[in-house]
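Residue numbers begin at 1 in each chain, while the letters A, B, ... track the order of the sequences. In what follows, every heavy atom counts, from backbone to side chain, and hydrogens, waters and symmetry copies are set aside.
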Protein chains: 4
Amino acid sequence: MILIDQRSRVPIYEQIQENFEMLVLTGALKRDEQLPGVRTLAKELAINPNTIAKAYQLMEVAGIIYSLPGRGSFIALTADELRQRHRPQALQKFREVTFHLKEVGVAETEARAEVSRIYASPSEGRDKNDSRSESDEKI
Amino acid sequence: MILIDQRSRVPIYEQIQENFEMLVLTGALKRDEQLPGVRTLAKELAINPNTIAKAYQLMEVAGIIYSLPGRGSFIALTADELRQRHRPQALQKFREVTFHLKEVGVAETEARAEVSRIYASPSEGRDKNDSRSESDEKI
Amino acid sequence: MILIDQRSRVPIYEQIQENFEMLVLTGALKRDEQLPGVRTLAKELAINPNTIAKAYQLMEVAGIIYSLPGRGSFIALTADELRQRHRPQALQKFREVTFHLKEVGVAETEARAEVSRIYASPSEGRDKNDSRSESDEKI
Amino acid sequence: MILIDQRSRVPIYEQIQENFEMLVLTGALKRDEQLPGVRTLAKELAINPNTIAKAYQLMEVAGIIYSLPGRGSFIALTADELRQRHRPQALQKFREVTFHLKEVGVAETEARAEVSRIYASPSEGRDKNDSRSESDEKI
DNA sequence: GTGGTCTAGACCACA
DNA sequence: GTGGTCTAGACCACC
């Protein structure tokens with residue numbers, strides 16, 4: 001269910017958060033559903049329990065989950081709420097990247113074509129966390 | 001000329017590289033033009049010369065500048081060449097971010113509107129290095 | 001294990017890289033095996049940790065190792081992959097040097113005799129499972 | 001007559017020496033022939049006279065030229081003498097590179113074929129001083 | 001514990 | 001003057 005790229009440069013605890021967020025966004029996890037325990041998940045992913053704990057803690061302060069001591073951790077919000085929350089940052093990032101696209105000489109028509117193509121395609125596929133792409137690009 | 005955000009998460013030497021890339025893209029620096037010396041720039045930015053040197057070496061292996069010990073450092077390519085080089089990565093990044101936008105529930109019309117807005121605005125060197133924005137990912 | 005010539009003109013961090021490449025070529029280090037920590041090796045070689053770190057970073061951008069902050073550094077490729085990668089440059093260098101040999105008046109028979117002599121001598125620590133050596137696949 | 005690659009990593013004064021050695025080896029300059037004056041050559045190559053002077057000084061201590069104060073600098077040896085002098089180092093280098101070739105998995109037959117090919121081709125062409133070949137090879 | 005970054009100050013070769 | 005290398009010591013994020 002949860003995929004961690006050990007070789008990725010993004011911290012494992014962030015990858016875990018992203019994974020759970022994705023599970024919520026895709027409807028695989030709903031509000032008040034329980035997450036696996038820290039030790040369980042740590043064993044399953046062969047990852048240091050401290051790292052899992054840090055991820056859970058991070059998600060809790062981010063308001064994505066809530067923890068009931070002695071009971072476990074649970075999803076704190078619905079897919080829609082999560083979407084609402086991500087929108088401003090997603091838009092901001094989109095603006096930056098679009099600006100860079102322009103800067104780099106990509107025509108507006110080409111940019112719009114890309115947008116159309118992506119919105120037309122079926123929502124599927126996890127990608128990102130591109131560990132060690134030879135060309136260490138930025139933005 | 002060059003702006004560094006000491007508090008940013010992105011290393012100073014990468015910020016320096018981004019700054020010089022921007023100067024090339026905007027035409028402020030042309031091929032074979034000389035960069036300020038390591039010590040000069042270090043003093044100007046109030047940054048340790050070692051860090052500047054690291055940035056220069058980084059840019060050299062990236063093929064953006066070439067350094068002649070005893071002579072100085074010089075731009076290695078034209079704005080167009082730099083654009084060509086950045087395009088694939090910029091497009092890839094754009095696709096990822098657009099995908100995320102869709103995922104987060106932003107309508108295609110809204111996305112296209114953003115694109116139009118950005119392409120309509122006058123091209124001027126805006127800087128980034130968004131210190132602590134939630135989306136930390138770079139490569 | 002690792003030998004550094006402090007008085008050599010070639011930088012220490014390159015010597016370290018050469019040493020590790022040799023260890024991979026001879027089969028002493030295999031893919032995904034862990035390298036000594038920066039501080040450990042620094043103490044062992046009586047060299048500043050910064051220099052070791054620089055060597056490791058160099059090897060990482062060269063694709064020879066990968067580093068996971070907080071976990072350690074690991075060999076990124078097999079002996080065969082490293083051989084494949086070195087072949088073109090080794091051949092190019094060989095051509096240059098042979099050309100110079102001719103230029104300097106060494107007879108072809110003498111050159112061929114040297115080749116025979118070197119290929120006849122024991123190669124020292126070749127590993128087994130190196131399968132087909134002439135393959136032209138992958139990097 | 002003399003070609004300097006300003007972008008090369010090998011010092012200019014060494015390039016100058018190599019150039020003059022080549023001129024001797026090819027017979028373009030004979031023993032006791034005069035070299036251009038420091039200032040003349042400096043102007044011709046658009047290079048700092050100090051650098052030319054350093055090159056001449058280097059060649060003098062190497063016994064390749066001799067200087068008569070107030071008269072100029074002159075070739076000190078014949079092509080054959082120069083060849084004799086270069087042979088040991090050329091052979092040594094050849095051995096190293098051949099060893100590396102073997103190490104990297106190139107078959108002996110292939111090495112011999114390269115030797116034959118180079119000895120068969122007409123002696124021509126200056127190469128080397130491979131300024132900024134992306135792959136900064138060693139050995 | 002690990003690697004990544006930065007500072008401070010030094011020495012070298014090259015032009 | 002330039003860039004290249006190294007040392008010493010520090011702080012950080014990550015596991």
Compare the minimum distances between each of [options] and the side chain of [X], then state the nucleotide with the smallest one.
{"X": "C:Tyr56", "options": "F:dC15, F:dG4, E:dG3", "result": "E:dG3"}
{"X": "D:Asn48", "options": "E:dT7, E:dG3, E:dA15", "result": "E:dA15"}
{"X": "B:Ser73", "options": "F:dG3, E:dC6, F:dT2", "result": "F:dG3"}

Rounded distance in Å - [atom1] ([X]) to [atom2] ([N]):
{"X": "A:Lys54", "N": "F:dA13", "atom1": "NZ", "atom2": "C1'", "result": "6 Å"}
{"X": "D:Leu45", "N": "E:dA15", "atom1": "CG", "atom2": "C1'", "result": "14 Å"}
{"X": "A:Ile4", "N": "F:dC14", "atom1": "CD1", "atom2": "P", "result": "14 Å"}
{"X": "C:Gln57", "N": "E:dG3", "atom1": "CD", "atom2": "P", "result": "11 Å"}
{"X": "C:Gln34", "N": "E:dT2", "atom1": "CD", "atom2": "C1'", "result": "8 Å"}
{"X": "D:Glu14", "N": "E:dA13", "atom1": "CD", "atom2": "C1'", "result": "11 Å"}
{"X": "A:Gln15", "N": "F:dC14", "atom1": "CD", "atom2": "C1'", "result": "12 Å"}
{"X": "C:Leu35", "N": "E:dG1", "atom1": "CG", "atom2": "C1'", "result": "16 Å"}

Base paired to F:dC14 (Watson-Crick or G-U; both N/O distances under 3.5 angstrom) | E:dG1
Between B:Tyr56 and B:Phe20, how do the two ring planes meet: parallel, tilted or perpendicular, split at 30° and 60°?
-> perpendicular
side-chain N/O B:Thr40 vs F:dT2 OP1/OP2, d < 4.0 Å = yes
Polar pair under 3.5 Å, donor/acceptor by atom type, side chain B:Arg39, base F:dG1 | no
Between the side-chain atoms of C:Arg71 and the base atoms of E:dG3, is any donor-acceptor pair under 3.5 Å?
-> no
Assess the side chains of D:Gln6 and B:Arg71: does a donor N or O sit below 3.5 Å from an acceptor N or O?
-> yes
Regarding C:Glu103 and D:His86, is there a side-chain donor-to-acceptor distance under 3.5 Å anywhere?
-> no
Which comes earlier along DNA chain E counting from the 5' end, the contact point of C:Ala53 or that of C:Gly70, where each point is its nearest nucleotide?
-> C:Gly70
Sugar-phosphate, base or nothing in reach of [X], heavy atoms under 4.0 Å:
{"X": "A:Asn50", "answer": "nothing"}
{"X": "C:Thr51", "answer": "base"}
{"X": "D:Ile47", "answer": "nothing"}

Toward the 5' end of DNA chain F, which comes first, B:Ser67 or A:Tyr13, by nearest nucleotide?
-> B:Ser67
For B:Leu68 and for A:Ile12, locate the closest nucleotide of DNA chain F by heavy-atom distance; then report the residue assigned to the nucleotide nearer the 5' terminus.
-> B:Leu68
CD (B:Glu18) and CD1 (B:Ile4) are apart, to the nearest 0.5 Å, by 9.0 Å
How close do C:Gln15 and C:Ser8 get, heavy atom to heavy atom, and via which atoms?
-> NE2-CB, 3.4 Å
Charged N to carboxylate O under 4.0 angstrom, B:Asp80 versus B:Arg85?
-> no
